[in-house]
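Computed over heavy atoms, backbone and side chain alike; hydrogens, waters and symmetry mates excluded.
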Amino acid sequence: MSRVLILHTGGTIGMTKTEKGYQPDGEYFRRAIFHMDSLKASGMPEWDFMETDPLLDSSRMAVSEWNMIGQLIANHYEAYDGFVILHGTDTMAYTASALSFMLKGLRKPVILTGSQIPLCETRSDGRDNLITSMIIAGEGKVKEVCIYFGGLLLRGNRATKYSADGMQAFLSPNWPALAEAGISIRYHRSAFRKPSDEPFACRPFANVPIGVLKVFPGIQFELFANVLSLKLKGIVLEAFGSGNLPDDKNVLLPMLKEAGANGAVVVVCSQCPQATVNMNAYEAGLVLRQAGALSGCDMTSEAAVTKLYYLFSTCRNAEEVKMYMERDLRGELREEMI
Ligand code: ASP
């Protein structure tokens with residue numbers, strides 16, 4: 001029988017109502033899951049339960065929490081066949097992307113899930129999300145970091161939170177679902193990533209200064225000069241469509257060049273969830289290429305941000321970061337589209 005470690009980190013699934021709104025309630029959640037009959041039913045994996053201290057609303061998660069979760073998985077990697085991480089939905093796609101880079105050579109399922117309605121409420125979606133995640137983690141067919149939510153199993157670094165109130169809260173606009181859970185769980189093996197044969201290792205992140213700038217019509221680039229060119233190591237520019245910018249009035253280009261000279265790496269992603277960046281398609285994108293910006297290809301912004309953290313934490317210099325940024329490291333982009 002397979003063994004799964006459940007790690008509760010917080011989020012709506014384990015919250016109860018207080019005077020100040022919903023808050024994580026570890027005691028309630030522990031009692032609830034130890035009394036959940038379906039988790040003891042035949043066919044379910046054996047499981048152990050752990051929780052982080054403090055339990056967090058995921059909007060408060062940062063690099064140190066990602067490192068803690070990664071380290072916990074690494075410390076228990078040999079003892080379990082799979083891992084289920086209970087997490088708030090707000091930043092679940094960031095944590096899933098971060099873990100996908102942090103856990104090198106992963107050959108076991110790490111499934112993040114949570115819920116839109118707390119488990120303590122009658123219509124909670126947490127029960128199915130948890131139970132199906134446990135089955136997927138126990139079966140061990142996917143060997144990557146995934147999000148299971150609302151019937152879909154998605155690659156973690158391809159997923160993005162799409163709905164704040166629908167039960168299908170996540171989508172993976174540029175990569176097919178790895179499985180769909182209906183009456184049975186239908187795996188789409190052609191979408192799986194072949195596990196690498198590197199040895200398993202957890203590579204924690206440093207707290208690198210990273211920024212995301214979403215452009216908009218009328219943006220005054222000069223207002224961002226100080227931050228962009230002097231303070232940041234990694235910059236994700238969320239451009240229009242396939243990587244186009246408003247007229248830069250010859251302001252952005254010198255700024256990006258200066259940022260590059262200071263060792264920063266600029267990656268262009270699209271504001272369209274379903275897109276592949278091609279900075280050569282329009283004149284409006286060319287300025288970015290000329291400034292040395294890299295293509296984020298079909299990566300989500302979540303993947304681009306966490307990949308920058310990962311690469312700046314593990315590479316020797318900015319040149320190495322640039323080299324790996326446009327490569328497919330964990331199934332987060334389609335290299336052939338660059
Ligand atoms: N604010 C909550 C969180 O991300 C929302 C959720 O879990 O759905 O922790």
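Proximity of the aromatic rings of F170 and Y162 is defined here by a centroid distance below 6.0 angstrom, and this criterion is not met. Between W47 and Y80, the gap from one ring centroid to the other reaches at least 6.0 Å.
Annotation for G331 and R193: closest pair N-NE, 3.4 Å, computed over non-hydrogen atoms. Considering every non-hydrogen atom in both L288 and G243, the closest pair reads CD1-O, 3.7 Å. When all heavy atoms are compared, the tightest approach of L5 to F49 is CD1-N, 4.4 Å. Summarising the geometry of N67 relative to M102, their closest heavy-atom pair is OD1-CE, 3.1 Å, with the distance given to 0.1 Å. Shown here for V236 and S301, the closest heavy-atom pair between the two residues is CG1-OG, 4.4 Å. Between R107 and P195 the shortest heavy-atom distance is CG-CB, 3.7 Å.
Under a 4.0 Å N-O distance rule, the pair R3/D48 qualifies as a salt bridge.
Rounding to the nearest 0.5 Å places CE of M61 at 4.5 Å from CD1 of I69. The CG atom of D328 sits 5.0 Å away from the CD atom of E332 when rounded to the nearest 0.5 Å. Interatomic distance, CG of N174 versus CZ of R155, reported as 12.0 Å (0.5 Å rounding). Summarising the geometry, atom CZ belonging to F221 is positioned 12.0 Å from atom CG belonging to N250; distances are rounded to the nearest 0.5 Å. Note that CG of D248 is 6.0 Å distant from CG of L253, once rounded to the nearest 0.5 Å. If you take CE on M255 and CD1 on I235, they are separated by 8.0 Å, rounding to the nearest 0.5 Å.
V208 and V212 fall within the same hydrophobic cluster, defined by Ile, Leu, Val, Met, Phe, Trp and Tyr side-chain heavy atoms under 4.5 Å apart, directly or through other members. Two different hydrophobic clusters hold V267 and L232 under the rule that ILVMFWY side chains link at heavy-atom gaps under 4.5 Å. Taken together through direct or relayed side-chain contacts under 4.5 Å among Ile, Leu, Val, Met, Phe, Trp and Tyr, F240 and V266 form part of one hydrophobic cluster. Residues W175 and L154 do not share a hydrophobic cluster, defined by chaining ILVMFWY side chains whose heavy atoms lie under 4.5 Å apart. Both M92 and L7 are assigned to one and the same hydrophobic cluster, defined by single-linkage of ILVMFWY side chains at heavy-atom distances under 4.5 Å.
Within 6.0 Å of NZ on K17 lie no more than 12 heavy atoms contributed by other residues, nucleotides or ligands. The environment of CD in E335 is crowded: more than 12 heavy-atom neighbours from other residues, nucleotides or ligands sit within 6.0 Å. Counting heavy-atom neighbours within 6.0 Å of E336 CD, excluding the residue itself, gives a total above 12. Within 6.0 Å of atom CD in E198, more than 12 heavy atoms from other residues, nucleotides or ligands are found, so the atom counts as buried in its surroundings.
H87 and T9 form no side-chain donor-acceptor contact under 3.5 Å, judged by distance and modelled atom types alone. Using a 3.5 Å distance cut-off with no hydrogens or angles, the side chains of D128 and Y148 do pair a donor with an acceptor. S270 and E238 are not linked by any side-chain donor-acceptor pair at a separation below 3.5 angstrom, with hydrogens and angles left out of the test. Judged purely by distance below 3.5 Å, without hydrogens or angles, the side chains of N157 and S97 never pair a donor atom with an acceptor atom.
In this structure, E144 and L178 have side chains that are in contact, with non-hydrogen atoms separated by less than 4.5 Å. Using a 4.5 Å heavy-atom threshold, the side chains of L329 and R327 count as touching. Residues T89 and T12 have side chains not in contact (no heavy-atom distance under 4.5 Å, counting atoms from C-beta outward). Between D90 and K161 there is a side-chain heavy-atom pair separated by less than 4.5 Å. Taking 4.5 Å as the limit, every side-chain heavy atom of T132 sits out of range of all side-chain heavy atoms of M134. Residues F149 and D125 are in side-chain contact: their nearest non-hydrogen atoms beyond the backbone lie under 4.5 Å apart. Side chains of I117 and R123 form a contact here, defined as non-hydrogen atoms less than 4.5 Å apart. Side-chain contact check for L237 versus L256: some heavy-atom pair is nearer than 4.5 Å.
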Practice item. Run the numbers on F83 and L72 for side chain to side chain contact (heavy atoms under 4.5 Å, CB included), then give the verdict. Key: CA-CA 10 Å; F83 299 84; L72 257 160; over 6 Å; no

Exercise for review: In sequence, state the C-alpha distance, the side-chain angles, and the governing distance for R30 and E27, and then conclude on salt bridge (Lys or Arg N to Asp or Glu O under 4.0 Å).
Suggested key: CA-CA 5 Å; R30 237 172 288 133; E27 205 179 308; 5.8 Å; no

**Study point:** T160 vs E302, side-chain hydrogen bond (donor to acceptor under 3.5 Å, both in side chains): CA-CA, chis, key distance, verdict
**Key:** CA-CA 7 Å; T160 191; E302 292 90 327; 2.7 Å; yes

Exercise for review: Test M44 against I131 for side chain to side chain contact (heavy atoms under 4.5 Å, CB included), laying out the working first.
Suggested key: CA-CA 8 Å; M44 290 299 284; I131 289 163; 4.0 Å; yes

Practice item. Evaluate side chain to side chain contact (heavy atoms under 4.5 Å, CB included) for E65 paired with R60, printing each intermediate quantity in order. Key: CA-CA 9 Å; E65 282 76 27; R60 300 195 170 153; over 6 Å; no

**Study point:** Candidate pair R158 and D298, rule salt bridge (Lys or Arg N to Asp or Glu O under 4.0 Å), full reasoning
**Key:** CA-CA 9 Å; R158 290 288 195 163; D298 55 349; 3.1 Å; yes

Exercise for review: Please report the C-alpha distance between D81 and K108 in whole Å, then the side-chain angles of each, then the deciding distance to 0.1 Å, and finally whether the salt bridge (Lys or Arg N to Asp or Glu O under 4.0 Å) criterion is met.
Suggested key: CA-CA 6 Å; D81 302 293; K108 297 183 180 187; 5.3 Å; no

Review point. Which is it for M36 and L130 under the side chain to side chain contact (heavy atoms under 4.5 Å, CB included) test, yes or no, and what are the steps along the way?
Key: CA-CA 11 Å; M36 206 186 271; L130 170 58; 4.2 Å; yes

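Between the side chain of K233 and the backbone N or O of G211 there is no donor-acceptor pair closer than 3.5 Å. Using modelled atom types, one side-chain atom of T18 and one backbone atom of G21 make a donor-acceptor pair closer than 3.5 Å. In this structure, K231 contributes its side chain and N226 its backbone to no donor-acceptor pair below 3.5 Å. Judged purely by atom type and a 3.5 angstrom limit, W66 has no side-chain atom pairing as donor or acceptor with the backbone of L99. In this structure, the side chain of Q116 engages the main chain of S163 through a donor-acceptor pair within 3.5 Å. At least one donor-acceptor pair closer than 3.5 Å links the side chain of N129 to the backbone N or O of G114. Here the side chain of Y282 pairs no donor or acceptor atom with the backbone of N244 at under 3.5 angstrom. Between the side chain of T300 and the main chain of A303, a donor-acceptor pair closer than 3.5 Å is present. The main-chain N or O of A293 is found under 3.5 Å from a side-chain atom of R289 such that the two form a donor-acceptor pair. E139 places no side-chain N or O within 3.5 Å of a backbone atom of I136 that could act as its donor or acceptor partner.
Geometrically, K143 does not engage F192 in a cation-pi contact, judged by NZ or CZ lying under 6.0 Å from the ring centre and within 45° of the ring axis. With Y310 as the aromatic partner, R330 meets the cation-pi criteria of under 6.0 angstrom to the ring centre and within 45 degrees of the ring axis.
A tilted orientation is assigned to the rings of H8 and F29, their planes being inclined by 30° to 60°.
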